[in-house]
Amino acid sequence: MSTPAALTSVFVRLKLSLLRNGLRQSGGRKAAYIASAVAALLFAALQFLGLIALRGTGHVESLVVLLVAVLGLGWAVMPLFFPGGDETLDPTRLVMLPLRPRPLVRALLASSLVGVGPLFTLCLLAGSVIAVAHDGAAFAVGVLAVPLALLVCVALARAVAAANVRLLTSRKGRDLAVLSGLVIAVGAQVVNFGAQRLGTSGLEQLDPAADVLRWFPPASAVAAAHTAGEGAYGVALAQLALSAAALAGLLALWSRSLTRLMTSPDGSTLQAAGDTAVRDRSSTGLSRLLPPGRTGTTVERSLRYVRRDPKTKAAWVTSLAIGLIVPVFNAWQGTGSVYFACFAAGMLGIQMYNQFGQDTSAFWMVAMTISSTRDAYVELRARALALLLVTLPYATLVTVLTTALLGDWARLPEALGLSFALLGAMLATGAWASARFPYSIPQEGHKNVAPGQAGLAWISLFGGMVAAAVLCVPVIALTVWLNIAEGDDWLWLLLPVGTAYGAALTFLGLRLAAPRTARRLPEILTAVSKG
């Protein structure tokens with residue numbers, strides 16, 4: 001029987017071996033890992049120096065407490081959004097080994113401290129303690145606070161991953177990664193908004209939130225260093241005790257989750273309940289509303305891809321989030337324009353590009369049903385209709401919301417007209433680019449373009465976007481002319497003009513793309529099946 005110390009040493013060496021062998025797979029992966037590690041450590045070093053530079057600044061302790069609290073939150077949600085980011089997060093790989101939970105927890109905790117993430121966290125925690133500690137007692141408490149806070153962060157991530165490992169390793173669980181785009185988009189705008197507010201109002205605005213968060217681990221451990229520097233040793237001891245208790249609780253939760261995972265059966269050994277039940281999937285509310293024939297079938301298929309395919313769902317969620325956040329946050333801060341609402345139509349219009357690549361190798365079943373230009377036209381028209389069912393109400397909602405926040409209702413018709421014209425232009429160029437520059441989207445991993453097809457993707461997307469912008473020049477020129485000529489009484493015409501122009505572009509683009517699609521079916525099928 002191996003001793004706990006020997007088991008810990010084995011797991012640490014195993015983690016190092018996993019990192020080393022992963023870098024040996026390809027030169028590209030090695031370069032990407034080294035570049036990302038250097039960037040992360042450089043950012044950590046800059047944060048460390050920045051925190052030290054803030055030493056002695058008023059209310060810096062509030063900033064530090066909030067920073068550590070956000071850091072702990074990041075460790076908690078990271079396993080949910082990026083379950084494939086670390087293979088060692090899945091303890092079910094160890095179920096066949098004769099290991100007890102407690103020694104296994106110690107070994108996994110030690111191996112979890114190996115990596116760029118823990119080193120990045122250590123730099124931020126050390127800089128935070130230096131920023132708030134002002135005497136020997138504060139630094140003495142800080143020496144205990146830094147490793148304690150680091151262990152709380154790592155144990156939190158491991159406990160969350162172990163408690164949700166059945167979900168995270170399932171097909172539906174991996175769909176949680178779709179939310180990462182939304183979280184990143186929202187988080188970036190929140191950070192931007194918060195930084196602007198702090199730049200104008202100062203760090204004292206953080207005091208109310210910091211007064212609460214200083215009692216929540218792992219922020220309580222770092223707050224203890226500042227509290228000890230003020231002479232409140234009893235309070236500092238209580239804050240350290242809170243973090244220590246949180247660490248003990250997380251380790252106990254982690255151990256209990258490991259015990260359950262290693263002793264209870266899962267879906268692979270139990271017959272799924274109700275697997276013999278017959279489900280009627282043919283009659284849904286949506287299918288009854290759609291037109292019969294190829295059009296209705298294609299629309300429903302496209303919308304099902306959005307709901308069920310992880311890559312397609314990720315692209316749609318990210319586009320929906322960014323298309324809403326950019327205009328609304330800028331309008332909320334008073335720095336935006338009603339024309340920013342066109343961003344919503346533009347982000348969703350991107351989904352029209354590479355329509356056949358989204359089908360991957362399953363496109364051969366679609367290709368078998370296309371025998372003429374008419375078939376290709378109906379297929380492309382139905383795919384555009386599926387996109388319009390979401391984009392039209394979404395773009396209208398974002399435009400109205402942006403206009404309401406700015407209070408500039410007079411420009412609502414022209415903003416909507418521009419959005420609809422842009423959407424029509426992107427549908428037209430997207431249909432043509434889908435037939436002319438198709439490329440494959442790999443089903444596994446995080447890549448959105450198959451190797452060797454990156455050039456096709458760049459030409460399809462950015463070339464099409466430039467062409468769409470050029471096609472919108474007449475409506476843009478009309479908008480500028482009416483505003484310069486002070487023709488306010490005629491600005492409402494931009495809504496019907498933009499709508500009609502966008503519809504005409506869509507019709508023309510589909511008509512031009514259909515014969516090319518029918519002629520190039522073998523080439524398209526080969527291109528989209530490479531992944």
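Residue numbers start at 1 and run along the sequence shown.
With sequence neighbours excluded, no residue satisfies side chain to side chain donor-acceptor pair (under 3.5 Å) with S460. Partners of D211 according to the salt bridge (charged side-chain N to carboxylate O under 4.0 Å, His left out) rule, which considers only residues two or more places apart in sequence or in another chain, are R214. Listed by chain and residue number, nothing satisfies the side chain to side chain donor-acceptor pair (under 3.5 Å) test with S128 (two or more places apart in sequence, or in another chain). Applying the side chain to side chain donor-acceptor pair (under 3.5 Å) test to R102 and every residue at least two apart in sequence or in another chain returns nothing. Under the side-chain contact (heavy atoms from CB on, under 4.5 Å) criterion, V143 pairs with no residue at all, not counting sequence neighbours. Take L251 and apply the side-chain contact (heavy atoms from CB on, under 4.5 Å) test, not counting sequence neighbours, and it matches V105, L109, A155, L247, W254. Residues satisfying the ring pair (Phe, Tyr, Trp, His ring centres under 6.0 Å) test with F363, not counting sequence neighbours, are F356. The side chain to side chain donor-acceptor pair (under 3.5 Å) search around W75 returns T121, not counting sequence neighbours. By the side-chain contact (heavy atoms from CB on, under 4.5 Å) test, A224 is found to be paired with V141, A236, Q239, L240, residues two or more places apart in sequence or in another chain being considered. Judged as a ring pair (Phe, Tyr, Trp, His ring centres under 6.0 Å), and not counting sequence neighbours, the contacts of F462 are W458. Residues meeting the side-chain contact (heavy atoms from CB on, under 4.5 Å) test with L73, sequence neighbours left out: V77.
In this structure, the side chains of K313 and V306 stay at 4.5 Å or more apart for every pair of heavy atoms. The side-chain heavy atoms of R301 and R383, taken from C-beta on, include a pair separated by under 4.5 Å. Between F43 and F120, the closest side-chain pair of non-hydrogen atoms falls below 4.5 Å. Using a 4.5 Å heavy-atom cutoff, the side chains of L125 and L150 are in contact. Counting only heavy atoms from C-beta outward, the side chains of F340 and S337 approach each other to under 4.5 Å. Using a 4.5 Å heavy-atom cutoff, the side chains of I322 and F343 are in contact. Between L124 and V68 there is no side-chain heavy-atom pair separated by less than 4.5 Å. L401 places a side-chain heavy atom less than 4.5 Å from the side chain of L324.
When each of L213, V70, V222 is checked for a side-chain contact (heavy atoms from CB on, under 4.5 Å) with V65, only L213 meets the rule.
The minimum heavy-atom distance between L250 and V152, with the atom names listed, is CD1-O, 3.8 Å. The heavy-atom pair separating S243 from A221 by the smallest distance is OG-N, 3.2 Å. Closest heavy-atom contact between V160 and A76: CG1-O, 3.5 Å. Considering every non-hydrogen atom in both L303 and A386, the closest pair reads CD2-O, 3.8 Å. When all heavy atoms of A321 and Y394 are compared, the closest pair comes out as N-OH, 4.5 Å. The two atoms that bring V528 and Y439 nearest to each other are CG1-O, 4.1 Å, heavy atoms only.
Note: F139 CZ to I130 CD1 = 6.5 Å, rounded to the nearest 0.5 Å. The structure places OG of S255 at 9.5 Å from CZ of R106, a figure rounded to the nearest 0.5 Å. Taking CG of L49 as the reference point, atom CG of L54 lies at 11.0 Å (rounded to 0.5 Å). Atom CD of Q47 is separated from atom CG of L71 by 10.0 Å, given to the nearest 0.5 angstrom. Atom CG of L113 is separated from atom CG of L122 by 9.5 Å, given to the nearest 0.5 angstrom. If you take CE on M347 and SG on C342, they are separated by 14.0 Å, rounding to the nearest 0.5 Å.
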request  = Report the C-alpha separation of L348 and W316 in whole Å, then their side-chain angles, then the decisive distance to 0.1 Å, and conclude whether the side-chain contact (heavy atoms from CB on, under 4.5 Å) test is met.
outcome  = CA-CA 7 Å; L348 285 188; W316 272 81; 4.0 Å; yes
Evaluate V60 against R55 for side-chain contact (heavy atoms from CB on, under 4.5 Å), listing each step before the verdict.
CA-CA 7 Å; V60 66; R55 179 180 170 84; over 6 Å; no
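Side-chain atoms of T318 never come within 3.5 Å of backbone atoms of A315 as a donor-acceptor pair (strictly under, hydrogens ignored).
Side-chain N/O atoms of R13 and S17 include no donor and acceptor closer than 3.5 Å.
No more than 12 heavy-atom neighbours from other residues, nucleotides or ligands sit within 6.0 angstrom of CZ on F216.
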